[in-house]
Each structure stands twice: as C-alpha cells, then as structure tokens.
Amino acid sequence: MSTDISAGASAIVIGAGIVGAACALELADAGFAVTVVDAGPVGGGATAAGMGHVVVMDDSPAQLALTRYSQQLWTQLQTVLPPQAEIMRCGTIWVAADAEEMAEVERKRHRYLEEQIPCDVLDAGRLYQLEPNLRPGLAGGLLIQQDSVVYPPTIAAWMLDRVTEKGGTVRTHTQVDRVEPHCVILSNGDRLAGDVIVNAAGAVAPRLTPGLHIKQRKGHLIITDRYPNFVRHQLVELGYLKSAHQSDGDSVAFNVQPRPSGQLLIGSSRQYDESRAVDHVIVAKMVARAIEYMPAIAELSATRVWTGFRAATPDKLPLIGPSPANDGLWLAAGHEGLGITTSLATARLLVDQIMGRTSAIPVAPYLPSRAASEAMHV
Amino acid sequence: MNYDCDVAIIGAGPAGIAAACCASECGRRVIIIDDNPIAGGQIWRGGAPTRQAAQWRDRLAAARVTILSMHTVIAICGKTVRAEAEDDVSAIRFQKLILCTGSRELFLPFPGWTLPGVMGVGGIQAMVKSGLSVKGKRIIVAGSGPLLLAVAAHLRRKTGAEVLLLAEQTPMAKVLRLGASLLASPGKLAQAVKLKWQLRGIRTTFNAWPTEAVRRGRGLAVMMRIGRRSETMECDYLATGFGLVPSTEIAQLCNCACDNAGFVVVDSSQRTSSPDVLAAGEITGIGGVEKSIIEGQIAGFTAAGRTERIGRLLGAREHAYGFMRRLNDAYSLRQEVLRLADPGTVICRCEDVRLADLASQSSAREARLQTRCGMGPCQGRICGAILRASMNWRDESIRPPASPVRLASLAVPPAADI
C-alpha cells in the first residue's frame, strides 16, 4: 500500500477545509513540499458551516475508534492552538427523554467505559442541576466530560500557516478543473504536478474523483444573540443517531451548543437537497424540536440561519486511503457531520499509509476500496 | 395571521406610502408591512411633521390600505412575506412586492468612536425625541451631509442644548456649488435658506472632522481637524454621521441585483432583477424625500399594471436624480475620513474586532470566517457598511432572518400552499 516516496517529494492537497488543512500539515511534517488549493477561502465550506463539536461517537465500532483516536490528537493539539481556536471543554450531554432511552444511556456508558472514555450517568435531578433550561419530565442523560467545542475556520488557517512556514504554498480562490495521475489541472489551465495528490474536497470530492459514493447532505444551523450560561454543555438528544440516520428522508434532532461568546448554535437537520437556500419548513421542524426539549429557547432572539453540506457516505465512515482508480491519488473525504472531530485522525491515518507507517488504529474500515467493493455487491 | 393581497409593500416611509396610495387608487388590494408603530419611516417619524407628510398621511388614510405595523420581516418564501408580529407570525401572499426599506446611518470608525457619549446623529435625535434630556449639554455635531444641519438645528431649537460646533468634512466650495444649483429648485432652496436661518449663531466649519475622542472628566475631549489646524474641544456628546447607506437585507434575500455602491438596481419602471419584485426610495439611491415619493408612485403604478400612468412622473424623477447626483457629489467622503481608524480601533463592535485583526484578511467573507467580523447580533449592519466604504469589501452573505426574530417565530411552519 505504501508509495515509494523519496526525500523532497511533493504533495498537492485539494481542499483548504479542516480535513485538507490537517492532511497538508501532516504531509509537511513528514517532509513533503505541500501545495494546497481551494476554490474558496480557507475553511469556507462545511468547516465554517458546521458546529465545531469535537465529540466521541459510537454509531459503529469503527466510528468509535476513529473519533476516540482523533479526540486524543485534539487534546495534544489544543495545547498549541491560539486563542482564536475558541476551545471550550464544555462536555456533551446526551439527553434521555424516557426510561427506554435511559436503558440506552446504560448501554452507551458501557461502550464508552470499555474504551476508557470517562462518562457519568445523570439522573433527572442531576440533569436539571447542570442544565436548568431543559424541560421537566426528561429521564436523565450521559455526560461525556472530555468533548469540546472549537471554532474550526481559525484552526484550519492556523494549520495552513504552519504549512506555509514549512515552505508549503496555499492557493485559495483557485478552482481545480480535474485530476490526472500525479497531476492537478486548474481551471486556468495551470498544471500542478505532485508525487501525492489528496482529494480532501468534502462534499464536492466526487466532482474531481467520479464514482465516489459521497452525497451532499444539507444541514441547517441557527445562531442566537448572547445568552451566557443559558446552556452550559453541548446538548444532544439521545435519539440523535436514530433521527439523524434512520432514513434517507429529511430529519431533525435537538442539538444545542454554547459558544464562548454566550451565543447558542441550534441544530440540526439532515436532507438530501442540492439547494443552498434555507428551507423554512425544515427550520420550523428543527426549532420546534429544540423548543420541545428546551421551552425557554422560544423567546431567545435568532440572528442568522444558514445551510451547509455534509459529505455523506453509505456506511457513515469517511474514505481515508488510496483511490482505487487513480495512481498517486489519495482520498480524505466523506466525513459527514464529524469532519471537525475526525480531521486529525484522518490526516494521521492517511499519511501513515502514504509513508508505509503502522497506524495506531486499524485503517481497514476507512479504506476507499471497501466502498467500491460494497457498491459492486449492491 | 394569513393575508392575501395584490401588492405587498415593505416599509412605510415616503416611498412605501406613495407606492401604497397609487396601487390602491388603481383598485389593487395593498398591504404595507412596517416595523415601526406608526407609518412615516425615519424622515416622517411620528406621523406628519411637515405639510407634505400630512398630505400623504391623509391620502393614505383615504386609500384602502392595510398597514401591518410592528411587523419584522423574517424572509420572503416564494410569493409570501413571512413577518413576526407581537406574538404571532403573519404570512402575506402577494402578486407584486415593492421594497421600500430605506437607509441607515453610515458610521466611520476613529479612535474613541465607541466611547459613551459618542453617537450617531440619527441616534441622538431619536433619543432626544424619546425623552433624553440634553438641556445645557455641550454637543459637537460632525460628519457629512444635510442630516447634520437638520439635527444641529433641532438640538439647538428644541432641546436647549449648546451646539459647540457643526463640522462638515466636505469643502465649502462643493456645498456652495450645490447651493447654487438649488436656484433652479425653489422648494429646496427655501428649505436650505430656512435651515441656514435656524443654524445662525452655531459655529460651522468645513474641511473639518473628528480625529480622536477620549474621556475627560464626565465628558469627552475631541480632537478636531479643522482645515489645516487641530483643535481639542471638550463636550458632553459627539454626534457623528457620515451620510446614509441603503438597507438592502431584504432585497438581497430576494436575490435583487445591487450595484457596486450597494444600491438595488432598478429599471425605469422600478423593477428589480428579481421577478415581481420592485424597489423604490433610498435603497435605489440616497436622494431625499422627493425622489422617494416619485419612485414610490412609479412603483405603485407599475405593480398595479398601470404603466401608462408613470409617463408624467419620469421627468420629475430625472430631476430628482439630477439633484441626487449633485448631492452625493457635494458630500462625497474624502479619503482622510475613511482612514481615521488606527490599528487598535474597534471596527466590529459586536465581536470586538479591531483594524489590526483585519490586516491579514482580503475580503469581507474571510474577515467574517477568521475574525468573526460581522457575525454578532447586528450581523454586519454597522461594520459591513464601514468595510464597504473604507476597504471596498462587499459582503454578499445575507441570510434569514432579515432582522433578528424570536426562535418561536421560526418554529411556525410556512403555509402548506407555498
């Protein structure tokens, strides 16, 4: 799987979002001469549109392994990031509405403890103590202390500043027309040659690498005026995975995040929809869901509603590794709603493969070839 | 509440009122949506301060127009305006939409512009009208444009304040040229003469602007640049205004094309680039109340499908446009006042972003992503105009709601037929 990389080898990373930026930094650290290209500004796609929640998730063992590993890498990185990264270790509370969900809290706690992820089961009384604006009648929750929130666009920029310091080049507002073996062709006709080419273009990755099983999954977020301490932890309904992924249709879930500014981010929605426009029907459902869990939120002032596109794969895991089709092309895309969390592990696992290093966790579940073989059996 | 109409008009200033009267008099069902308690807009605030305002108020009362006051527009969904009322969301279905959303003050940052006691000229006027006592207070009025004169005259005549200085950044020669051109407009000339009379005794300077304000005692010390001299003056309030900029959030939500200066582009019938959406008044150009009334009438007739009636208004509009060009030329902002901020000066008050923070950014979008400039509660309404004026950065990123609204209002689903 490893490529024969000599000293002074070059790498082109397509995408200056947090995944591309993390890959570029990892490649620069490994000695590559790195060029990053992006059609927009640094961190202007899903990196800017999302919540910036660094969270361990357990939808599947592979997801748990990847998010946990990535969170460890975040803990290391946090010590050197600048204040503009706005890191707030507020923890996540998975909110359980009823006894059935409390049973799931127990199962979830068990899975997390097996991976040595500290967590506390909250009964209803403790839940209200921590989050008094939740509605009465909820059953309890699970608190994951080490989850945090960050402001991703400044982190992507910080990473790319490090790449530049190491001699790399960042070309924003530069459109890629197509990718050929060991070569990226820009829309202006320029050709950028690279020993390694990384497609980290998020939801638009399939435009450059046809055949990728990545679909644009639209989401909405709302930001409010400042209400310090109205919410203290990232709050997510325990049914989140159920509502987020149960069907191919539209879904909403209660998901509220406190920002260091005192503002609240309110989500979340999922739709397969190519239009960037705000869909007021699903926004109404999303807000109604938030009010259901947190009635007092109804009176808060909303200042902005926006949309973004997640890069969704059929098995909800990213594609990290060599492209099955194209020599010299590597993929780091398809992170759905977890790109901020898993960006660091993605970069590490990708460059491990490129350099022929052994990875800290098995890479097989994320190899792009698994999607291709899956697709053949559909 | 759900409403149905032929012509929906957003904004009840002079343009909106004129549009409503004309469309209604042509037999169309008209609804005006306005966020103030009483129609009149900024210039006719509080109803009918002038004879012209009273005439239009009476004409509006005679027309059968529904006025939804205290309504904040959330978004335009297809051919429906969604607006937040006191404890409800109104959906107003329309065939034609006329945007008359007016303008707001342009603030320009200088060291000290965020201190208490430094405010906009429109802001101090509104606060005085709603009860702030400035009797015996020393006030400097500085900036650019005719609004300075009106506010200085009001402060002096109606409030017992002491207006220490009226500082206009433009050269006197430009204003005299504008004055000379008014000889052809007896009405405007009379207004100008009256204003000049009301300002008698107030020290008035041209080529003058504030360069810095600092706290001194319970008031302010303001460093003024007056011609080639510098002068430090103590005062209680510094009221600044550097002209007006259009409020185009709703027009941008409707995808109406705007020109480089930020104004909504309209054709000779006041149609925008967006189908069935028209615009009139200050959002198409800052030209005063006459221009707004003429454009409003044309928009009203166009929306009513009575374009044959706009012919007699076109000449008057050309005349108003001529005045607008002379006005904007006379009060164009000099480079010095666009560059008063130092690296430590706050540009975005909501997010506390300073000029130095913007140094490594190259567009409004990058500034927003990397520094949060314009991401706060005002959503760039103040700093966006500053960046456009001083850096020529355009932020096209307008998202709903058009103004902040309660989350409860966003939870109300749009009607099923939209």
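So that the names make sense, note that chain A is the first sequence line, chain B the second, and so on, each numbered from 1.
Counting heavy-atom pairs closer than 4.5 Å to chain A, the top-ranked of the candidates B:I398, B:I74, B:V405 is B:V405. Among B:P413, B:A408, B:P400, B:P404, the residue making the largest number of heavy-atom pairs under 4.5 Å with chain A is B:P400. Of all the listed residues (A:A302, A:A277, A:A290, A:G43), the one sharing the greatest number of non-hydrogen pairs under 4.5 Å with chain B is A:A302. Of the listed residues (A:V278, A:I223, A:V305, A:I222), the one with the most heavy-atom contacts under 4.5 Å to chain B is A:V305.
Only the side chain of A:I291 comes within contact range of chain B, with at least one heavy atom under 4.5 Å from a heavy atom of that chain. Of the atoms belonging to A:V281, heavy atoms from both backbone and side chain fall under 4.5 Å from chain B.
Here the shortest heavy-atom pairing between B:A411 and A:A288 reads CB-N, 4.0 Å. Nearest approach of A:A48 to B:L369, heavy atoms of both residues: CB-CD2, 3.2 Å.
Other residues, nucleotides and ligands place more than 12 heavy atoms under 6.0 Å from the CE atom of A:M88.
Put simply, CG on B:L407 and CD1 on A:I266 are 4.5 Å apart, with the number rounded to the nearest 0.5 Å.
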Check every N and O of chain B against chain A and note each donor-acceptor pair under 3.5 Å, with its distance.
{"unit_1": "B:C350", "atom_1": "O", "unit_2": "A:R226", "atom_2": "NH2", "d": "2.5"}
{"unit_1": "B:E351", "atom_1": "OE2", "unit_2": "A:R226", "atom_2": "NH2", "d": "3.4"}
{"unit_1": "B:R365", "atom_1": "NH2", "unit_2": "A:G44", "atom_2": "O", "d": "2.8"}
{"unit_1": "B:E366", "atom_1": "OE2", "unit_2": "A:H173", "atom_2": "NE2", "d": "2.7"}
{"unit_1": "B:L369", "atom_1": "O", "unit_2": "A:Y151", "atom_2": "OH", "d": "2.6"}
{"unit_1": "B:Q370", "atom_1": "NE2", "unit_2": "A:P153", "atom_2": "O", "d": "2.9"}
{"unit_1": "B:R372", "atom_1": "NE", "unit_2": "A:E86", "atom_2": "OE1", "d": "3.4"}
{"unit_1": "B:R372", "atom_1": "NE", "unit_2": "A:E86", "atom_2": "OE2", "d": "2.8"}
{"unit_1": "B:R372", "atom_1": "NH2", "unit_2": "A:E86", "atom_2": "OE1", "d": "3.0"}
{"unit_1": "B:Q379", "atom_1": "OE1", "unit_2": "A:R304", "atom_2": "NH1", "d": "2.9"}
{"unit_1": "B:S397", "atom_1": "O", "unit_2": "A:R304", "atom_2": "NH1", "d": "3.4"}
{"unit_1": "B:S397", "atom_1": "O", "unit_2": "A:R304", "atom_2": "NH2", "d": "3.4"}
{"unit_1": "B:S397", "atom_1": "OG", "unit_2": "A:R304", "atom_2": "NH2", "d": "2.3"}
{"unit_1": "B:P400", "atom_1": "O", "unit_2": "A:V305", "atom_2": "N", "d": "2.7"}
{"unit_1": "B:V405", "atom_1": "N", "unit_2": "A:A302", "atom_2": "O", "d": "3.2"}
{"unit_1": "B:V405", "atom_1": "O", "unit_2": "A:A302", "atom_2": "N", "d": "2.7"}
{"unit_1": "B:R406", "atom_1": "NH1", "unit_2": "A:E299", "atom_2": "OE1", "d": "3.0"}
{"unit_1": "B:R406", "atom_1": "NH1", "unit_2": "A:E299", "atom_2": "OE2", "d": "3.1"}
{"unit_1": "B:L407", "atom_1": "N", "unit_2": "A:A298", "atom_2": "O", "d": "3.4"}
{"unit_1": "B:L407", "atom_1": "N", "unit_2": "A:L300", "atom_2": "O", "d": "2.9"}
{"unit_1": "B:A408", "atom_1": "N", "unit_2": "A:A298", "atom_2": "O", "d": "2.9"}

